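Notes to accompany the following structure.
In listed order, ligands and their atoms are each counted from 1. This one's a predicted model, so the numbers in the text were calculated from it and none came from an experiment.
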Amino acid sequence: MIIGVPKEIKNNEYRVAMIPSGVEEFIKNGHEVLIETGAGLGSGFGDEDYRKAGAEIVEREIVFKRAEMIYKVKEFLQEEFKYLREGMIIFTYIHSNAFRAQTDVFLKNKVVGISYEDIEDKDGKFPLLKPMSEIAGKGGFLMAMQYTQKINDGNGLLLARIHGIRTPEVAIIGAGVAGLGAAEIASNLGNKVTILDINLDKLEKAKYVLPSNVELLYSNKENLVMCLKRSDVLMNCILWPKWRKDHLVTRDMLKFMKKGTLIVDVFCDECGAIETCRATSHDHPIYFEEGVMHYCVDNIPATFSQTATTSLCHATLPYAIEIANKGYERALKENKYLRKGLCFYFGVLTLEETGKKQNRPYKTPEQVLNI
Ligand SMILES: NC(=O)c1ccc[n+]([C@@H]2O[C@H](COP(=O)([O-])OP(=O)(O)OC[C@H]3O[C@@H](n4cnc5c(N)ncnc54)[C@H](O)[C@@H]3O)[C@@H](O)[C@H]2O)c1
């Protein structure tokens, strides 16, 4: 199969889907790899590194024209829509529920779209979200450290334990991969950290991996309001179901927060767990609602590009190789975990949650694959 890796064009997106060792793996399996000129530079990989590994370095148009599978990081942007064609395999973070225009063109152009974020493992977890979640959680806390600074319109707090003054308080909703990552850094700097979850097993696990001064609270309205009142930073690190119309933190609840307090929404789904959240970019990362600063950049890992690229490629590569080796149809039929990621199949939407959220007809992957 011919695999094409384009350079990402999203705002400040420096990640790339494949690292040179990934190219070697494809070549070893008898495939061809096309890398767009300069695609890896933002992550520290030069064209020569890819060439040495066996890839062909070509212009953007050639990548999209010749490749049978486009292996990417982020969703397709308007400028990339023109490259779509029937039967093109797209393997990337698609987020079809969030990007309606992309869903329209994927359906119209009859692509086979497999999204990283929907692939599951045997425990029902999301193995291709996991590496980015840890980086988004840790990176999200580092962004909090940046945006509480006065020069960035913050309230001038240093998120660390300084003798003689009140220790800053950080509340983190969700004791999953992102939440634990954020809590690890926040607590190591001496902040008073509270982590909230509805899953007691997750809280118990957190007890053994986080320092003993991290408070582990069951997530209900009472505890959440208590945290809103006392915290300097609130981090949302939960996967809010895309079909839900209600919110965990409503606009009305922001009145409990101190003026100038910061919300970092790692999930950053428009109007999701945090009602006042709307996705922002690294160029314009923050905005204020009800006197509360919101940071909602939806590609936090991009800024830690070398770490994120390497970690992402390690996670996605086995699936990409399987698709290339078997062809999409056999790979999807034989691997039920990969099949969970099938969102588009020759003009049919195959992701239930996007169907429900956008009021579109959909079928299951099993129906379209006749299994
Ligand atoms: N912004 C970015 O660039 C970026 C990158 C990667 C991941 N993410 C997002 O980060 C989020 C977290 O991912 P993860 O891998 O840590 O998920 P995860 O499934 O490991 O953890 C989510 C946790 O939230 C808990 N939870 C669910 N509902 C809750 C509620 N009502 N109150 C409290 N806790 C609740 C769950 O029990 C679970 O422990 C995801 O939404 C993911 O999409 C964002």
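- Under the 30°/60° scheme for interplanar angles, the aromatic rings of Phe99 and His95 are found to stand perpendicular.
- The pair Lys130-Glu134 does not meet the salt-bridge criterion, since no charged nitrogen lies less than 4.0 angstrom from a carboxylate oxygen.
- Of the heavy atoms in Val297, only backbone atoms (N, CA, C, O) come closer than 4.0 Å to ligand 1.
- The pair Glu48-Arg51 counts as a salt bridge, with a side-chain nitrogen and a carboxylate oxygen less than 4.0 angstrom apart.
- For atom 12 (C) of ligand 1, the closest non-hydrogen atom of the protein is Cys237 O, 3.5 Å.
- Remark: minimum distance from atom 5 (C) of ligand 1 to any protein heavy atom is reached at Ala136 CB, 3.4 Å.
- Between Asp197 and ligand 1, at least one pair of N/O atoms sits closer than 3.5 Å.
- Heavy atoms of Lys130 stay at 4.0 angstrom or farther from ligand 1.
- The distance from atom CG of Asn220 to atom CD1 of Ile198, rounded to the nearest 0.5 Å, is 11.0 Å.
- The proximity of Ile238 to ligand 1, defined as any non-hydrogen pair under 4.0 Å, involves the side chain as well as the backbone.
- When heavy-atom distances to ligand 1 are checked against a 4.0 Å cut-off, Ser219 comes that close only through its side chain, counted from C-beta outward.
- In the vicinity of Asn199, heavy-atom distances shorter than 4.0 Å reach the ligand 1 atoms 37 (O).
- For atom 19 (O) of ligand 1, the closest non-hydrogen atom of the protein is Leu239 CD1, 3.7 Å.
- If you number the atoms of ligand 1 from 1 as listed, the ones under 4.0 Å from a heavy atom of Met132 come out as 5 (C), 6 (C).
- Contact annotation for Lys202 and ligand 1: only side-chain heavy atoms (C-beta onward) come within less than 4.0 Å of the ligand.
- Remark: Asp121 CG to Phe126 CZ distance equals 9.0 Å, nearest 0.5 Å.
- Counting heavy atoms of neighbouring residues, nucleotides and ligands inside a 6.0 Å radius, atom CZ of Arg85 exceeds 12 of them.
- Closest protein heavy atom to atom 3 (O) of ligand 1: Pro301 CD, 2.9 Å.
- A tilted orientation is assigned to the rings of Phe91 and Tyr319, their planes being inclined by 30° to 60°.
- Heavy atoms of Asp298 found under 4.0 angstrom from ligand 1 belong exclusively to the backbone.
- Ion pairing between a basic and an acidic side chain is recognised when a charged N comes within 4.0 Å of a carboxylate O; Glu25 and Lys28 show such pairing.
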Working for salt bridge (charged side-chain N to carboxylate O under 4.0 Å, His left out), residues Glu366 and Arg339: CA-CA 8 Å; Glu366 288 72 22; Arg339 196 155 72 232; 3.0 Å; yes
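- From the protein, the heavy atom lying nearest to atom 14 (P) of ligand 1 is Ser133 OG, 3.5 Å.
- For Arg230 and Thr194, the side-chain atoms include at least one donor-acceptor pair closer than 3.5 Å.
- Looking at Ala178 against ligand 1, both its backbone and its side chain come within 4.0 Å, counting heavy atoms.
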